[in-house]
Amino acid sequence: MTVAAPEPKANMGNPAPRYDAVVKVTGRATYASDMPLASPAYAFLVTSAIAKGRVESFDLADANRVRGVIDIVTHEKGPKLKELKLYSNGGYAGTTIQPLKSAEIAHDGQIIAVVIAETYEAAREAANRVTVSYTAVVPSATFDSPGTTTAAAKGQNSQFKEDPQVGNFAKAFEDAEVKLTASYDTPTQHHNPMELFSTSCAWIGDNLVIYEPSQYVYGLKNGVAEQLGIDADKVRVVNPYVGGGFGSRGSMTPRTAIIAAIARRLNRPIKLVPTRDQGFTIATYRAETRHEIKLGASRDGKLVALRHEGAEVSSRPDAYCVGGTKTTTRLYACPNVDSLVSIVRADRNTPGFMRSPPEVPYLFALESAMDELAVKLKMDPVELRRINDTTNEPIGGKPYTSRSLMACFDEAAKAFGWSQRSPEPKSMADGDWLIGYGCAATCYPTQMGPSAARVRLQRDGRTRVEIAGHEIGTGAYTIIAQTAAERLGVPLEKVAVFVGDSELPPAPVAGGSNSTASTCSAVMMVCDQIRQRLFKAMMPNQSLTDRAKETVGIGQTPATRAAKSDRSLDLEKAFDALGAGVVEEYGEWKPEDAPLDSFQAMHSGHVRLVGGHSLKDKIAYAFGAEFVEVRVNRFTHEIRAPRLVGAFAAGRIMNPRTARSQLMGGLIWGMSSALLEATEIDERTARYVNDNFADYLVPVNADVPGVEVILLSEQDDHINPAGAKGLGELANVGTNAAVCNAIYHATGQRIRKLPVRLENIEV
Amino acid sequence: MRSFLYQRATDPGMAVQALSAAAAANNPLTQAAAQPLAGGTTLIDLMKLDVMRPAAIVDINPLARGWSGIETGGEKLRLGALAKMSDVAAHADIQRHYPVIANSLRLAASAQLRNMATLGGNVMQRTRCSYFRDTSYDNCNKRIPGSGCAAMDGVNRMHAVLGTSDQCIATYPGDFAQALIALDATVEITGKSGTRSMPFAQLHKAPGNTPDIETTLQPGELISAFSIPRRWPRSVYLKARDRQSYEFALSSAAIALDVQDGMIRDARVALGGVATVPWRAREAESLLKGQKFDDGLARRAADAAFADAKGRQHNSFKISLGKRLVARALQQASTMEV
């Protein structure tokens with residue numbers, strides 16, 4: 001593995017070092033719980049030990065005796081909060097289950113009391129001394145548990161609009177020369193971002209400041225205001241750095257308004273740092289899913305029929321659903337397609353987005369099935385993909401804006417040494433280890449959302465970019481700075497970027513891999529406004545608008561093309577002509593096909609992403625190909641993945657260094673997801689058992705000796721002004737299947753249930 | 001974590017006195033009001049989790065001057081109880097003459113933990129049973145005697161198949177202890193009436209009807225050293241686990257063989273990750289003794305080691321895994337260069 005940043009190829013930005021590298025490495029980056037508060041009180045949560053039933057009583061005597069305890073808030077004197085609406089129903093919340101509202105308990109680990117004390121230690125000790133009497137009801141834990149209910153997703157989740165279908169699947173499958181039917185399972189998983197789900201709240205008069213790791217400061221600000229019944233302009237959310245998100249911080253969790261309300265009642269800032277295990281139940285997670293895939297093909301490998309049926313677990317009140325059939329039914333050319341997604345309701349906390357929400361479980365199923373089909377056809381799995389590659393998605397016939405799937409397969413295959421693979425299973429070995437090579441396609445929709453930005457340029461070139469984007473570890477600061485520097489022709493080190501603050505111009509949720517496309521498109525547009533003003537000042541007699549257009553390429557022209565014909569400004573002359581020391585511009589950008597209410601929604605914290613298959617007359621996805629070498633020990637059946645190779649094409653690569661880092665992390669997570677990560681549920685009690693980092697395994701360095709990321713050049717002028725496809729969630733999509741396909745090659749054993757552990761191997 | 005008194009013991013007598021003063025005769029040691037603190041890698045964890053609630057902590061790190069020696073000369077290896085895992089694992093003589101010790105330590109925990117953790121603390125490490133470590137479960141016989149066992153029919157993939165009782169199936173989690181068993185180690189214990197020694201194999205107690213009593217240590221007693229005879233040139237430690245590092249064993253085997261002219265004169269087979277205590281598989285040993293080594297013998301010995309194993313819903317795989325691991329470890333021990 002090389003540590004140097006990749007050299008940029010065509011249509012790639014510079015691999016500039018990270019804007020926040022030094023503060024992070026030296027520990028000076030201030031995360032939410034690092035923010036100084038004046039004389040704060042500390043909160044510690046008490047969470048339920050049952051998943052269903054009610055709290056009969058609390059014995060707080062012992063807890064109240066702990067020195068430093070200020071208050072213990074239970075439902076008996078819980079904060080008065082307004083009803084919640086789920087984000088998918090026009091609200092802000094990731095769950096409508098409201099703790100401390102009543103004695104009712106709807107899931108394991110629900111917040112049932114909040115201890116407030118002078119110190120964290122006192123709050124924790126008192127929380128440990130709270131005794132709770134419950135009346136427990138037997139809960140329904142998961143699939144197949146008695147008491148669950150199942151219904152089609154369509155109609156109960158407003159974001160799940162269709163079960164894609166085309167042609168006549170039943171007949172085509174019936175008539176197909178080669179058929180495959182297979183079922184696949186994926187487990188419950190938790191994001192476990194390194195930074196815990198902390199919240200600090202401080203009131204200054206009627207104004208509330210919230211320090212909380214959030215992937216959507218505008219959503220959180222508006223959501224908390226709504227719950228508290230106050231003006232959203234009085235709420236400010238600040239988080240200049242977020243220690244990982246992965247989707248867990250995209251929607252509002254119940255804790256924030258509770259802490260805010262208690263802080264107001266006590267008239268004192270409050271800091272909450274929940275524990276790792278509490279993070280499993282007070283936020284969202286990826287629920288377990290089940291799939292049945294039916295593939296029909298001609299003997300030469302052409303798909304003639306494809307059906308994908310998925311089922312997902314959600315909570316009793318909320319119909320959360322990822323519904324990845326929108327992607328799996330469109331990935332390959334196939335004239336007859338059918339699909340169905342169902343939701344199974346159990347006594348669980350409401351699941352939510354988790355890195356590459358629909359694609360991860362759904363592509364695991366499809367890409368495993370493609371490998372199985374290749375085996376049936378006695379065909380190289382790469383060639384099977386090539387035969388079924390397409391320029392238009394099969395459901396609506398819309399063209400892909402660009403699609404480098406097979407180029408990625410070819411590049412990755414070459415780097416991996418795919419040609420060295422002997423196709424027979426169990427045919428490669430090294431000492432005690434059976435060796436398997438496997439591959440899979442990966443893809444992720446290209447999404448964009450309305451975004452605003454404010455940019456200030458000074459005569460000396462110093463530039464300030466303000467945008468309520470989010471630095472969740474991805475490199476947002478860096479590429480926003482690069483975008484402004486490039487667009488204004490100023491040195492990178494003169495650009496200061498401010499994100500993670502709801503007082504700044506709104507940006508979308510940092511989710512769905514839209515941030516780069518959205519924020520950079522907005523920043524580019526606003527930089528162009530500045531340039532226009534300056535050019536206008538310098539050339540007052542020319543046809544101004546035309547001149548400016550020609551020079552700076554405003555509108556939907558992609559960055560790269562504009563850059564080619566662009567002239568740099570003589571800043572000092574331009575400022576002299578303008579007669580000003582500073583130019584400041586604010587602007588609001590929205591993508592093509594954005595809904596009419598986009599800007600209004602943007603300011604009130606509602607997400608309006610467009611892209612992927614939802615564009616009017618085109619479909620936009622980023623693609624990649626992933627190759628994995630697994631080794632399975634003949635004696636212990638231990639499974640290791642010493643080599644991961646991925647090639648990816650995602651339009652303009654803004655910064656090859658941060659892009660590679662994202663993709664490398666994705667590949668590692670993908671392997672982890674296939675071999676390690678699963679939240680174990682005690683089916684008797686519907687409780688999460690391994691809710692800590694010792695028992696919920698993620699890879700250590702020794703597990704990932706070799707990870708190679710290859711960035712392909714790709715230019716796409718049909719997606720957004722930045723020309724960028726989101727890639728944060730691209731790399732961990734195909735890995736699950738690639739690992740299982742490699743295990744099949746190593747052992748001859750097809751495993752259709754994740755994660756794969758040594759006891760699943762029977763060699 | 002609850003408030004506690006912190007004391008520092010500057011000599012063994014002081015430590016023993018502080019610990020025995022707080023120990024009530026009818027309490028198991030794990031629930032004694034005073035607990036010794038060495039590396040702290042288990043105790044602090046369990047206190048934060050509210051599983052252990054000592055009123056006092058007796059910091060014995062000042063005793064390291066006398067208790068952390070690594071003496072490799074002569075026919076015996078003597079390891080001070082406060083020697084760090086990392087120091088022992090890196091010691092050239094130990095790697096050469098006692099490979100099973102070096103490897104069991106090297107494969108345990110993470111580099112950071114090995115730098116902190118002591119040998120004495122390591123063998124006293126408590127189980128990783130999720131239900132034991134989470135006080136929101138009311139039923140754990142180890143934590144609350146007589147309360148039942150949530151693991152028995154719960155999520156028990158990591159749990160034991162050997163040495164279990166109908167009260168407890170919690171796995172002994174360590175690695176080093178198996179090496180000590182395999183090498184016939186002696187443990188030296190310092191208490192009120194001075195120092196006593198016993199075979200290390202007698203330190204841990206299987207759960208039986210009292211899973212809260214985990215060792216034979218008496219109130220106020222501390223492990224001060226381990227003594228290991230140098231009579232096993234062939235020794236191997238194998239460990240199977242879910243990830244490549246920093247993970248507990250699903251199954252491990254510490255093997256010591258005395259082979260002469262192809263004949264096994266004597267053998268030790270100790271098992272980890274599969275049993276409630278560091279496990280000595282005597283049936284396997286007696287099967288090996290006096291035999292000429294071959295793969296069939298290794299398999300029969302492995303079968304014998306797990307003859308009494310009882311699997312439950314999620315951990316039955318450990319029986320077949322353990323057998324394959326033992327057979328492989330025996331093969332490696334028999335062919336190793338000495």
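Nothing here was measured: the structure is a model prediction, and the numbers come from that model. Chain naming here is simple, since letters A, B, ... match the order of the sequence lines and numbering starts at 1 in each.
To the nearest 0.5 angstrom, A/Thr636 atom OG1 is 11.0 Å from B/Arg241 atom CZ. Here CG of B/Leu321 is found 12.5 Å from CD1 of A/Ile761. Values are rounded to the nearest 0.5 Å. Note that the CG atom of B/Asp134 and the CG atom of A/Asp691 stand 6.0 Å from one another [nearest 0.5 Å]. Put simply, CZ on A/Arg757 and CG on B/Asp242 are 5.5 Å apart, with the number rounded to the nearest 0.5 Å.
Between A/Val689 and B/Ser130, the shortest heavy-atom contact is CG1-CB, 3.5 Å. Minimum interatomic distance between B/Ser245 and A/Val700 (heavy atoms only, all atoms of both residues): O-CG2, 3.6 Å.
Heavy-atom neighbours of B/Tyr246 OH from other residues, nucleotides or ligands within 6.0 Å: at or below the threshold of 12. The number of heavy-atom neighbours closer than 6.0 Å to CZ of A/Arg276, taken from other residues, nucleotides and ligands shown, is above 12.
Only the backbone of A/Tyr688 comes within less than 4.5 Å of a heavy atom in chain B; its side chain stays farther off. Proximity to chain B is limited to the backbone of A/Ile681, based on heavy atoms less than 4.5 angstrom apart. Contact of B/Leu250 with chain A is made through the side chain alone, with heavy-atom distances under 4.5 Å. With a 4.5 Å cut-off on non-hydrogen atoms, B/Phe248 does not touch chain A at all. If you measure heavy-atom distances from B/Ala327 to chain A, you find no contacts under 4.5 Å at all. Proximity to chain B (any heavy atom under 4.5 Å) is restricted, for A/Asp432, to the side chain, taken from C-beta onward. Contact of B/Ser110 with chain A is not made at all, since no heavy-atom distance falls under 4.5 Å. Contacts between B/Asp153 and chain A at a heavy-atom distance below 4.5 Å involve backbone atoms as well as side-chain atoms. Within the 4.5 angstrom heavy-atom criterion, atoms from both the backbone and the side chain of A/Ala694 approach chain B. At a 4.5 Å heavy-atom cutoff, B/Gln313 makes no contact with chain A through either its backbone or its side chain. If you measure heavy-atom distances from A/Asp703 to chain B, the contacts under 4.5 Å come from both the backbone and the side chain.
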| field | Candidate pair A/Leu676 and B/Arg243, rule side chain to side chain contact (heavy atoms under 4.5 Å, CB included), full reasoning | value | CA-CA 8 Å; A/Leu676 299 173; B/Arg243 62 183 174 194; 4.2 Å; yes
**Criterion side chain to side chain contact (heavy atoms under 4.5 Å, CB included) on A/Arg124 and B/Lys48, from CA distance to verdict** = CA-CA 9 Å; A/Arg124 178 173 61 181; B/Lys48 282 185 180 173; 3.8 Å; yes
Could you go through the side chain to side chain contact (heavy atoms under 4.5 Å, CB included) check for B/Val155 and A/Asn690 one step at a time?
CA-CA 9 Å; B/Val155 175; A/Asn690 59 335; over 6 Å; no
Before you tell me yes or no, could you show the steps for B/Phe317 and A/Leu758 under side chain to side chain contact (heavy atoms under 4.5 Å, CB included), namely the whole-Å CA-CA distance, both residues' side-chain angles and the distance that decides it to 0.1 Å?
CA-CA 9 Å; B/Phe317 74 93; A/Leu758 56 77; 3.7 Å; yes
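Under a cutoff of 6.0 Å and an axis angle of 45°, B/Arg328 and A/Phe635 form a cation-pi pair. Taking the ring centre of B/Tyr137 as origin, the terminal cationic atom of A/Arg687 falls inside the region bounded by 6.0 Å and 45° from the ring axis.
For B/Arg157 and A/Glu759, the salt-bridge test passes: some basic side-chain N is under 4.0 Å from an acidic carboxylate O.
Looking only at side-chain heavy atoms (C-beta outward), B/Arg324 and A/Arg634 stay at 4.5 Å or farther from each other.
Of the listed residues A/Glu680, A/Glu121, A/Glu683, A/Arg129, the one with more heavy-atom pairs under 4.5 angstrom with chain B than any other is A/Arg129. Between chain B and the options A/Asn128, A/Asp682, A/Asn633, A/Thr685, the largest number of non-hydrogen pairs under 4.5 Å is found for A/Asn128. Comparing B/Met1, B/Arg2, B/His314 by how many heavy-atom pairs each has under 4.5 Å with chain A, the most go to B/Arg2.
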